[in-house]
Amino acid sequence: MANPNKPMKVRENPLDRFWDRLIMVFLIFAAVVTVAPFLYVVAGSFATEKELTERAFFLIPHTISFNAYTYIARTGEIFRGLKNSLIITLIGTVTSLFFTSTFAYPLSKQHFKGRIPILNLVIFTMVFGGGMIPTFIVVRTLGLYNHFAALILISAISPFNMVIMKSFFAGIPVDLEEAAFIDGCNDWSIYWRIYLPLSKPVLASIGLFCAVGHWNDYFSAMIYLSGAAKETVQIVLRRIVLLASGGDQINAAMFDFDMLLGTPPDKAVKMAATVVATIPILCVYPFLQKYFAKGVMVGAVKG
């Protein structure tokens with residue numbers, strides 16, 4: 001007599017096994033094609049200019065050189081840019097999550113009057129925007145020009161992220177809300193104590209989107225910020241790359257580098273700048289990876 005507790009073996013079709021292996025080979029190839037260029041950039045940032053010229057592709061440089069990173073860090077501007085970008089990214093991400101979630105919460109309620117017209121207005125902004133000049137005039141009129149708040153507030157709510165979060169909230173069982181009302185909770189308590197703890201996947205996903213957007217934001221920083229003290233890391237790296245390329249903005253610091261370490265490593269500096277701009281935000285992803293796919297998929301298919 002067969003044991004009912006013993007798991008049954010599912011016989012695998014040879015054709016299914018073939019397709020599974022073919023898909024696995026394709027995914028491995030796609031992963032290699034995706035990762036290899038970045039590994040080359042990391043290796044090239046530690047290589048000499050001669051090696052970068054002679055070798056078309058490599059993952060391990062023959063000679064380890066820190067000249068590119070020395071050139072980037074010679075004035076300390078990169079550290080100021082990293083600090084400014086970190087402040088904008090942290091505050092901007094928290095602000096975006098707060099405003100997006102508090103906006104999405106009432107729109108996820110069927111009994112909320114005016115929900116459909118407001119939602120239609122949000123969707124309208126996904127198709128039509130005010131444009132750069134009207135936005136700049138608003139920022140200037142509100143006195144936000146040359147303040148970090150300009151970069152944080154103009155992207156505080158993304159319509160796309162709001163729709164995803166609204167769909168996620170709509171998928172939470174109404175029974176939890178009704179039980180909380182019976183226990184004496186109000187809307188704010190339900191939002192803070194029930195909805196947010198249950199929304200870690202979508203919060204992590206949207207938080208990662210917001211963090212990457214703030215960290216890589218170059219154009220807004222160039223428009224709304226002025227002065228070296230408030231430059232973000234993207235602006236600083238752009239100037240460093242231009243200097244290493246031998247542009248017209250050569251200054252005394254560049255000549256000091258020439259005298260100590262030789263010719264500024266043009267190609268290696270560009271690669272080192274890419275690494276410096278990418279690694280910090282890349283380190284955040286492993287902590288959010290387990291929530292990322294779940295949050296995007298659930299928010300995309302419900303509601």
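Quick caveat, the model's predicted, so the values are computed rather than measured.
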query: With distance as the sole test, does W215 use its side chain to make a donor-acceptor pair with the main-chain N or O of V233 at under 3.5 Å?
result: no

query: Mind checking whether Y71 and L52 sit in one hydrophobic cluster, side chains of I, L, V, M, F, W, Y counted as touching below 4.5 Å?
result: yes

message: Could you check whether atom CD1 of I133 has more than 12 heavy atoms from other residues, nucleotides or ligands sitting under 6.0 Å from it?
response: no

message: So N216 and Q234, do their side chains get closer than 4.5 Å, heavy atoms only?
response: yes

Residues that S226 engages under side chain to side chain contact (heavy atoms under 4.5 Å, CB included), provided they are two or more places apart: Y145, N146

Partner set under side-chain hydrogen bond (donor to acceptor under 3.5 Å, both in side chains) for D217, not counting sequence neighbours: S220

- prompt: Going from CD1 on I190 to CG on L196, what distance comes out if it is rounded to the nearest 0.5 angstrom?
  reply: 12.0 Å

query: Does any non-hydrogen side-chain atom of N161 lie less than 4.5 Å from one of F209?
result: yes

query: Is it true that the side chains of N186 and S189 contain a donor and an acceptor less than 3.5 Å apart?
result: yes

message: Would you say that S199 contacts I172 through its side chain, given a criterion of any heavy-atom pair below 4.5 Å between the two side chains?
response: yes

- request: Sorted by first residue and then second, give each ring-ring contact (aromatic ring centres under 6.0 Å, His included) pair with at least one member in residues 78-104; sequence neighbours left out.
  value: none

Please set out all donor-acceptor pairs under 3.5 angstrom arising from side-chain atoms of residues 25-44, sequence neighbours excluded.
unit_1, atom_1, unit_2, atom_2, d
T34, OG1, A30, O, 2.7

- request: May I ask you to decide if L82's main-chain N or O and S85's side chain share a donor-acceptor pair within less than 3.5 Å?
  value: no

message: Just so I know, are the side chains of M162 and L119 near enough to count as touching, which here means a heavy-atom distance under 4.5 Å?
response: yes

task: Consider only side-chain heavy atoms of I, L, V, M, F, W and Y, link residues closer than 4.5 Å, and tell whether L153 and V122 are in one cluster.
output: no

field: Whether W188 and Y191 hold their rings parallel, tilted or perpendicular, with breakpoints at 30° and 60°
entry: tilted

message: If I take atom CD from residue E178 and atom CG from residue D183, how far apart are they, to the nearest 0.5 angstrom?
response: 12.0 Å

message: If you define the side chain from C-beta out and look only at heavy atoms, does anything of N84 sit under 4.5 Å from V236?
response: no

task: For the residue pair T232 and M222, establish whether any side-chain heavy-atom pair is separated by less than 4.5 Å.
output: no

message: Can you list everything that forms a side-chain hydrogen bond (donor to acceptor under 3.5 Å, both in side chains) with T100? Sequence neighbours excluded, please.
response: none

message: Tell me whether the count of non-hydrogen atoms from other residues, nucleotides or ligands lying under 6.0 Å of CZ in R55 goes above 12.
response: yes

- request: Consider only side-chain heavy atoms of I, L, V, M, F, W and Y, link residues closer than 4.5 Å, and tell whether I279 and M271 are in one cluster.
  value: yes

message: Taking side-chain hydrogen bond (donor to acceptor under 3.5 Å, both in side chains) as the definition, give me every residue that meets it alongside K109, ordered by chain and number, with sequence neighbours left out.
response: E177, Y195

query: Side chains of H62 and E54: does their closest heavy-atom pair fall under 4.5 Å?
result: no

message: Just so I know, are the side chains of L208 and V212 near enough to count as touching, which here means a heavy-atom distance under 4.5 Å?
response: yes

